[in-house]
S.K.: 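Quick one: structure below, then a few questions.
Just so it is clear, the values below take in all heavy atoms, side chains as well, and ignore hydrogens, waters and symmetry mates. Model, not experiment: these values are computed from the prediction. Here is how names work: the chains are called A, B, and so on, in the same order as the sequence lines, proteins then strands, and each is numbered from 1.
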Amino acid sequence: MQRTHRCGELRVDQDGQDVVLMGWVNRRRDHGNLIFLDLRDRTGITQVVMDKEISGEAHAKAEAARSEYVVAVKGKVRRRDAGLENPNMATGAIEVVAKELLLLNEAKTPPFSPAEDAIANEEVRLKYRYLDLRREQMQYNFALRHKVARAIREYLSENGFLEIETPFMTRSTPEGARDYLVPSRVHPGDFYALPQSPQIFKQILMISGFDRYFQIARCFRDEDLRADRQPEFTQIDLEMTFPRQETVFRTVEGFLTAAFKTAGIQLEGPFLQMTYDDAIRKYGIDKPDMRLPAMVEFTDDLDPALRETLKIEQKLPILGFIIPKAGGLSGTERKKLLSEVRAGFGESGLDLLDTERLKTSEAFAPLAATITQKLEATPEDLVVVVTPKLGTPEMWNFDRQWIYKRVGALRLQLAQKFADKHKLFEQTGTANDFKFLWVTDFPMYEWNEEAKTWDAAHHPFTSPHEDDIKSGALFNDKGSVRALAYDVVLNGTELGSGSIRIHRQDVQAEIFRSLGMSDEEAKQRFGFFLDALEYGTPPHGGIALGLDRIVMILAGATSLREVIAFPKTAKAIDLMVDAPSAATEQQMKELHLKIAARS
RNA sequence: GGGGACGUAGCUCAGUUGGUUAGAGCGCUGCCCUGUCACGGCAGAGGUCGCGGGUUCGAGCCCCGUCGUCCCCGCCA
């Protein structure tokens with residue numbers, strides 16, 4: 001028997017045709033002498049009717065059929081009579097009248113039903129991933145993922161990019177995350193590292209004259225997981241020679257527009273652009289969620305006398321923001337929220353004002369109008385103003401950014417709290433759901449308090465701004481050096497990160513030195529790369545974007561596990577195959593490994 | 001490494017102040033049913049209350065520990 005159609009394909013046009021469908025039993029409805037089987041494959045569901053009077057044999061087999069049995073049906077497409085159509089199904093205007101039914105395979109009663117809307121807990125879903133993946137939503141997610149990846153491949157290919165593979169078994173790269181290591185059998189005691197990104201290889205491909213490279217590449221980082229972080233993930237990695245930042249931006253906007261188009265979303269380019277400093281000042285974070293209004297600074301709106309009255313620190317910033325639509329709180333809710341937020345501030349010296357206090361406090365009366373107006377707040381919105389209390393920690397005079405970041409974090413936390421209730425992030429299926437942003441001019445260095453060193457904020461191959469090299473800031477004032485580094489941000493999620501690279505060997509060596517790396521160490525770790533830079537390296541730059549994150553947001557999911565077929569748990573375990581697992585003694589011996597202690 | 005939430009039938013969950021025999025819906029099994037599409041009706045099976053210890057006359061409920069899943073901070077460009 002040969003399948004002629006998929007389960008989601010038949011329409012009234014095929015009325016009267018003989019067809020063969022194969023698929024899973026989604027549901028069975030037994031009416032005695034009449035049995036309905038809903039047959040499912042990834043294209044959809046078709047109702048099959050077994051009538052005892054038409055085919056007693058098929059009917060008898062249908063009596064034995066159960067959920068998730070795999071069956072083949074030979075029969076005739078029949079337009080349903082008036083009143084019997086099901087408008088909720090794409091195939092609801094027809095049904096297939098079975099002449100012959102084959103049970104191709106039985107199925108144990110599944111622990112949860114792929115046909116149900118209610119979904120089981122993740123532990124069960126991950127253990128029986130093959131059942132979970134049969135669910136319509138998951139089938140949709142992976143079809144979407146395929147389409148997005150394909151659109152990106154096509155766009156980049158058409159724009160002169162070559163897809164080139166780079167090794168999985170390589171050596172430590174300079175991203176700064178922990179490496180997954182692979183022991184070498186041939187070289188006792190030596191290890192390959194799985195790539196955290198193809199960074200060095202793609203730069204060498206530029207030196208090799210490939211001009212434009214891309215790869216949809218798996219990357220590995222042994223760090224703790226989050227909803228949007230898996231130990232292995234997929235990057236759309238690209239690099240080009242002779243670029244300006246804008247060249248990279250337009251390329252990314254191009255392929256994202258193509259990718260979103262396949263998902264039915266028409267994006268408007270170019271994306272908004274903002275410096276890192278602005279992002280911190282207006283949103284308190286380097287990956288602003290532009291779906292929510294920015295913070296507003298009221299520092300200059302309070303004169304010293306008023307600050308004194310209100311017991312607010314004289315010099316430090318006063319920041320406010322609104323959470324749209326979340327204003328209608330009861331007295332009890334308001335009190336609870338206030339005390340929660342205050343508890344969250346702890347010893348930080350921050351305090352909070354809200355709409356109610358703004359209205360009722362006499363001292364604030366002159367300000368209330370200004371605040372409401374500057375925030376463009378309506379009575380529906382929750383208004384929050386954060387003030388540093390008198391006698392705040394001294395460090396604040398040196399690290400004002402901390403206040404912006406803390407208030408920015410509160411903004412996100414409150415938005416999250418009210419998101420569901422007020423549908424703050426509900427998708428409408430238009431470009432409005434997706435707020436893209438380029439963040440530019442990231443700092444070159446980052447102070448590592450623990451090690452008391454300056455680290456590369458992006459990675460050590462990132463080019464600093466020309467001006468900051470000339471001014472000598474590289475060594476005098478590392479905190480002020482800007483990098484030619486940029487992030488692309490979508491709805492508060494960092495989608496990707498890139499930079500214009502250093503292409504001169506002398507500059508690269510200088511940067512290693514400025515990071516406190518001795519020439520010997522640089523040579524030992526990156527000698528091959530410093531060598532390569534000396535053989536005619538063109539100016540180059542690029543970016544890498546998280547494919548999983550793009551698909552997650554497009555699918556309206558909140559966890560990468562929804563768009564990775566076989567993901568790992570928060571403890572990096574694969575519940576289906578039960579990995580990681582112990583190696584056999586023989587394997588350990590061959591790899592020259594011994595377990596020191598198993599705690 | 002730290003904080004929080006959860007863990008009761010195959011699944012989703014309820015279980016009061018610690019009290020007798022731990023419940024519901026779905027699913028499952030059997031029987032009935034010719035127009036259902038979350039079919040319906042009747043009957044039935046199904047429990048290591050995550051695990052270990054403690055308090056108590058008595059623990060699903062209280063205490064301690066532990067394991068697992070999820071979320072967050074640290075960490076991760």
Side-chain angles (χ1 to χ4, degrees), chain A residues 26-39 45-54 59 63 66-68 78 80-89 91-92 95 97 108-128 131-132 173-179 196-197 199 219-231 233 235 286-287 343-344 346 409 412-413 416-417 439 442-446 448-450 455-462 483 485-487 494 496-499 543-544 546 558-559 561 568-571 573 575:
Chain A
N26 198 56
R27 276 204 178 81
R28 170 174 161 276
R29 291 178 294 281
D30 187 344
H31 288 247
N33 289 329
L34 193 68
I35 296 172
F36 299 96
L37 291 184
D38 289 341
L39 209 57
I45 294 174
T46 299
Q47 171 168 286
V48 181
V49 198
M50 264 67 46
D51 191 324
K52 203 169 189 174
E53 286 175 10
I54 293 172
H59 179 271
E63 279 188 324
R66 292 292 182 273
S67 291
E68 301 308 311
R78 179 168 74 191
R80 297 201 202 175
D81 290 340
L84 297 183
E85 303 104 331
N86 186 344
N88 301 320
M89 290 173 75
T91 61
E95 62 195 358
V97 183
K108 286 168 71 173
T109 301
F112 61 93
S113 167
E116 294 285 326
D117 292 332
I119 52 175
N121 74 57
E122 281 215 62
E123 221 172 326
V124 183
R125 289 176 60 198
L126 290 175
K127 181 169 179 194
Y128 299 94
L131 297 178
D132 189 42
T173 43
E175 272 79 18
R178 293 183 188 87
D179 287 318
Q196 296 177 28
S197 80
Q199 184 60 36
C219 304
F220 307 86
R221 292 178 193 173
D222 187 4
E223 294 294 341
D224 288 347
L225 279 57
R226 287 283 191 287
D228 61 354
R229 272 160 38 188
Q230 281 273 313
F233 57 99
Q235 283 195 341
D286 61 0
K287 43 179 182 176
L412 285 180
Q413 189 192 328
Q416 208 54 55
K417 186 184 173 81
V439 180
F442 271 77
M444 181 80 185
Y445 299 96
E446 213 168 53
N448 182 335
E449 183 59 37
E450 210 172 302
D455 294 347
H458 186 59
H459 57 56
F461 309 125
T462 301
Y486 35 81
D487 277 7
E494 178 199 318
S497 200
S499 61
I543 193 167
T558 54
S559 160
R561 292 183 301 277
K568 302 199 171 39
T569 68
K571 287 211 171 137
I573 287 169
L575 289 175

S.K.: What nucleotide among B:U69, B:C72, B:C70 has an atom nearest to a side-chain atom of A:Ala227?
M.R.: B:C72
S.K.: Taking 4.0 Å as the cut-off, does a side-chain nitrogen or oxygen of A:Arg229 come that near to OP1 or OP2 on B:C72?
M.R.: no
S.K.: In terms of the nearest nucleotide of RNA chain B, which residue is placed more toward the 5' end: A:Ala457 or A:Ile573?
M.R.: A:Ile573
S.K.: Does a side-chain heavy-atom distance below 4.5 Å link A:Arg66 with A:Thr109?
M.R.: no
S.K.: Considering only nitrogen or oxygen atoms on both sides, find all protein atoms under 3.5 Å from nucleotides 3-5 of chain B and state each distance.
M.R.:
none

S.K.: Please identify each residue that fulfils salt bridge (Lys or Arg N to Asp or Glu O under 4.0 Å) with A:Asp222, with sequence neighbours left out.
M.R.: none
S.K.: From CD of A:Glu123 over to C1' of B:U12, roughly how many Å is that when rounded to an integer?
M.R.: 15 Å
S.K.: For A:Thr569, which contact category applies under a 4.0 Å heavy-atom criterion: base, sugar-phosphate, or nothing?
M.R.: sugar-phosphate
S.K.: Take the protein atom CD1 of A:Ile35 and the nucleotide atom P of B:C31, then report the distance between them rounded to whole Å.
M.R.: 12 Å
S.K.: What does B:G47 pair with, Watson-Crick or G-U, if both distances are under 3.5 Å?
M.R.: none
S.K.: With a 3.5 Å limit on both atom pairs, tell me what B:G74 is paired to, counting Watson-Crick and G-U wobble, or say none.
M.R.: none
S.K.: Could you work out, with side chain to side chain donor-acceptor pair (under 3.5 Å) as the rule, every residue matching A:Arg229, not counting sequence neighbours?
M.R.: none
S.K.: Work out how far the C1' atom of B:A9 is from that of B:G60, and round it to whole angstrom.
M.R.: 14 Å
S.K.: Both distances below 3.5 Å, Watson-Crick or wobble geometry, any strand: find the nucleotide opposite B:G7.
M.R.: B:C67
S.K.: Of all heavy-atom pairs between A:Pro110 and A:Leu131, which one has the smallest distance, and what is that distance?
M.R.: CB-CD1, 3.8 Å
S.K.: Which residues pass the salt bridge (Lys or Arg N to Asp or Glu O under 4.0 Å) test with A:Glu85, not counting sequence neighbours?
M.R.: none
S.K.: Can you build the contact string for nucleotides 33-43 of chain B? Use B for base contact, S for sugar-phosphate-only contact, and - for no protein heavy atom under 4.0 Å.
M.R.: BBBBBSB----
S.K.: With sequence neighbours excluded, what pairs up with A:Glu123 under the side chain to side chain contact (heavy atoms under 4.5 Å, CB included) test?
M.R.: A:Asn121, A:Leu575
S.K.: Atom pairs under 3.5 Å, N or O on each side, protein against nucleotides 8-11 of chain B: can you list them with distances?
M.R.:
residue: B:G10; atom: O2'; partner: A:Pro111; partner atom: O; Å: 2.7
residue: B:C11; atom: O4'; partner: A:Pro111; partner atom: O; Å: 3.2

S.K.: Under the side chain to side chain donor-acceptor pair (under 3.5 Å) test, which residues partner A:Arg80, sequence neighbours left out?
M.R.: none
S.K.: Expressed as a whole number of angstroms, how long is the span from A:Asp132:CG to B:U69:P?
M.R.: 16 Å
S.K.: Is there a Watson-Crick or G-U wobble partner for B:C13 with both distances under 3.5 Å, and which nucleotide is it?
M.R.: B:G23
S.K.: With A:Arg27, which residues qualify under side chain to side chain donor-acceptor pair (under 3.5 Å), at least two apart?
M.R.: none
S.K.: Report which part of the nucleic acid A:Arg561 touches: base, sugar-phosphate, or nothing (heavy-atom distance under 4.0 Å, all strands).
M.R.: sugar-phosphate
S.K.: Using atom NZ of A:Lys571 as one end and atom C1' of B:C72 as the other, report the distance to the nearest whole Å.
M.R.: 15 Å
S.K.: Considering only heavy atoms and no angle criterion, is a donor-acceptor pair shorter than 3.5 Å present between the side chain of A:Arg226 and the base of B:G74?
M.R.: yes
S.K.: Determine the minimum heavy-atom distance between A:His59 and A:Leu34, stating which atoms define it.
M.R.: NE2-N, 3.9 Å
S.K.: So, using side chain to side chain donor-acceptor pair (under 3.5 Å) as the criterion, who are the partners of A:Tyr486 when residues are at least two apart?
M.R.: none
S.K.: Please give the distance between the C1' atoms of B:G74 and B:C61 as a whole number of Å.
M.R.: 35 Å
S.K.: Once salt bridge (Lys or Arg N to Asp or Glu O under 4.0 Å) is applied, do any residues pair with A:Arg29, and if so which ones, sequence neighbours excluded?
M.R.: A:Asp38
S.K.: Taking salt bridge (Lys or Arg N to Asp or Glu O under 4.0 Å) as the test, write out the residues that go with A:Glu494, two or more places apart.
M.R.: none
S.K.: Taking atom C1' of B:C73 as reference, at what distance in whole Å does atom CD of A:Gln413 sit?
M.R.: 11 Å
S.K.: Taking the same atom, C1', in B:G30 and in B:U21, what whole-Å distance lies between them?
M.R.: 26 Å
